[in-house]
Q: 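Can you read through this structure? Questions will come right after.
Atoms within each ligand, like the ligands themselves, are counted from 1 in listed order.
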Amino acid sequence: MVNKSERILIVDDEVTIRKLLRQKLSREGYQCEEAGSAEQALEKLTSNLTELVILDIRMPGKSGIELLPEIRVSYPDTAVVMATAVAEIDIAIQCMKQGAYDYISKPFILDKVMLCVDRTLEKRRLELNIREYQQHLEQKVEEQTQEIRRVFLGAIEALVFALETKDKYTAGHSRRVTEIAVAIGRELGLSPDDIEDLRWAGLLHDVGKIAVDQLIQNKPGKLTPEEYEHIMIHAYVGAGIVKPVVNDKVVEMIEHHHDHYDGSGLHQVIAGEDIPLGARILAVADAFDAMTSDRPYRSAMSLEEALNEVRRCTGTQFAPIVAAAFLKIPVAEIVRAEV
Ligand SMILES: [Fe+2]
């Protein structure tokens with residue numbers, strides 16, 4: 001069904017031709033505007049949404065051939081039909097290659113003009129519908145992807161909390177590490193996106209412990225080097241588990257959260273500022289929470305003792321800028337709020 005409320009701009013330097021077309025198109029129900037030159041046409045296009053331009057190829061000053069690409073660039077949703085003398089068919093075809101929808105030849109046979117206008121507007125309408133449908137589909141796919149990601153991350157998060165709950169020594173650890181890490185990130189002035197990455201990395205940093213032997217993890221005595229090495233696989237394993245659903249930054253934070261700033265950590269391949277900032281932040285938050293929690297082989301340090309330990313290990317285990325930021329945050333309040 002043709003929507004006759006569409007607006008048509010007739011661009012021709014000959015007033016009789018404009019009047020002729022306007023009369024016919026108006027009778028058919030279209031809203032018509034006229035322009036006697038390219039400059040006038042651009043003015044009309046700026047002030048009104050125009051669905052179709054009938055554009056004379058030959059005009060004094062800027063020609064229709066010159067105006068066509070300008071319209072295509074500035075008004076890509078406006079269809080253009082070229083008006084041409086019979087002898088100019090080659091030029092008209094050239095114009096179609098440059099984006100004109102069709103052409104009509106002078107002297108006009110008005111029924112043919114109407115057919116061309118109706119067909120062009122129908123084609124334009126279909127193109128817009130297809131584009132809108134594609135955009136709608138893309139948006140739907142994006143929404144579904146986000147939803148799947150959210151559900152998956154939620155499931156992994158639930159798994160982490162379930163793992164922690166099973167073990168009285170680590171209950172609530174990931175949530176506290178996240179709160180502390182986010183506070184450090186804010187103190188360092190990280191962007192909201194980086195804070196969001198840090199939040200996910202904090203919640204998921206120990207998910208790899210699913211691969212760790214519970215007997216070794218809960219061993220009351222000192223760990224042998226082999227046992228320590230076994231426990232430390234959790235950083236690498238955890239990065240692999242979350243890789244399909246989080247961005248690379250989060251993966252790297254998890255993979256390197258036990259790296260020491262001076263490079264002295266187990267099997268460490270990068271050191272110093274090469275360790276991703278998020279991983280350096282997690283390292284401090286993680287170690288602080290571990291120090292202030294009971295462990296099978298020792299009881300918790302006091303807050304003051306743990307803070308002193310962070311100070312003592314600044315520049316060796318911990319990155320100086322991160323440790324300095326950590327020492328500024330109200331960690332006692334954060335830990336209390338989490339209990
Ligand atoms: Fe860890």
Side-chain angles (χ1 to χ4, degrees), residues 153 156-185 197-219 222-243 246 249-271 275-298 300-301 306 309-310 313 316-319 322-323 326 331 335 338:
L153 283 169
I156 295 183
E157 198 183 333
L159 174 72
V160 170
F161 293 143
L163 275 174
E164 289 180 353
T165 310
K166 226 173 69 174
D167 176 354
K168 70 178 168 125
Y169 296 108
T170 55
H173 168 70
S174 295
R175 205 185 287 277
R176 287 191 301 273
V177 167
T178 303
E179 293 304 319
I180 296 167
V182 164
I184 298 172
D197 287 345
L198 202 49
R199 188 181 296 284
W200 280 115
L203 287 172
L204 303 175
H205 76 282
D206 272 348
V207 70
K209 289 227 171 126
I210 195 156
V212 170
D213 187 327
Q214 286 288 296
L215 288 175
I216 296 177
Q217 193 174 321
N218 293 329
K219 183 181 167 183
K222 196 174 178 338
L223 296 173
T224 66
E226 291 76 24
E227 287 167 340
Y228 180 68
E229 187 148 343
H230 171 70
I231 283 187
M232 294 309 271
I233 61 169
H234 76 271
Y236 179 74
V237 171
I241 290 174
V242 299
K243 198 177 172 70
V246 296
K249 282 184 176 178
V250 176
V251 174
E252 285 180 349
M253 286 183 213
I254 293 173
E255 191 173 343
H256 294 284
H257 80 271
H258 280 290
D259 282 3
H260 289 195
Y261 186 72
D262 64 1
S264 64
L266 188 70
H267 302 316
Q268 206 170 317
V269 288
I270 50 175
I275 302 168
L277 179 59
R280 283 181 269 149
I281 293 173
L282 281 184
V284 175
D286 189 21
F288 172 79
D289 189 67
M291 287 188 268
T292 50
S293 306
D294 286 328
R295 283 289 184 262
Y297 46 90
R298 61 150 174 79
M301 282 183 193
E309 191 62 9
V310 171
C313 298
T316 50
Q317 185 173 350
F318 304 125
V322 176
F326 167 75
V331 71
V335 173
E338 283 297 319

Q: Would you say that more than 12 heavy atoms from the other residues, nucleotides or ligands in this model lie under 6.0 Å from the NZ of K219, or not?
A: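 Atom NZ in K219 is crowded, with more than 12 foreign heavy atoms closer than 6.0 Å.
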
Q: With the Fe ion (ligand 1) as the point of reference, which N/O/S atom of H258 is the closest?
A: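 H258's closest N, O or S atom to the Fe ion (ligand 1) is named NE2.
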
Q: Using the six-membered ring of F161, assess whether NZ or CZ of R175 lies under 6.0 Å from its centre and within 45 degrees of the ring axis.
A: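 Yes, R175 and F161 form such a contact.
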
Q: Ring centroids only, cut at 6.0 angstrom: are H234 and H205 within range, meaning strictly under it?
A: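 Centroid separation for H234 and H205: 6.0 Å or greater.
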
Q: Give a yes/no answer: is there an N/O/S atom of D286 under 2.8 Å from the Fe ion (ligand 1)?
A: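 For D286, the answer is no, given that no N, O or S atom comes within less than 2.8 Å of the Fe ion (ligand 1).
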
Q: For atom OH of Y236, is the number of surrounding heavy atoms from other residues, nucleotides or ligands below 6.0 Å larger than 12?
A: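 Incorrect, the count does not exceed 12.
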
Q: Has H257 got an N/O/S atom less than 2.8 Å from the Fe ion (ligand 1)?
A: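 It does: H257 brings an N, O or S atom closer than 2.8 Å to the Fe ion (ligand 1).
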
Q: For the Fe ion (ligand 1), find the closest N/O/S atom belonging to D206 and write down its atom name.
A: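 Among the N, O or S atoms of D206, the one closest to the Fe ion (ligand 1) is OD1.
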
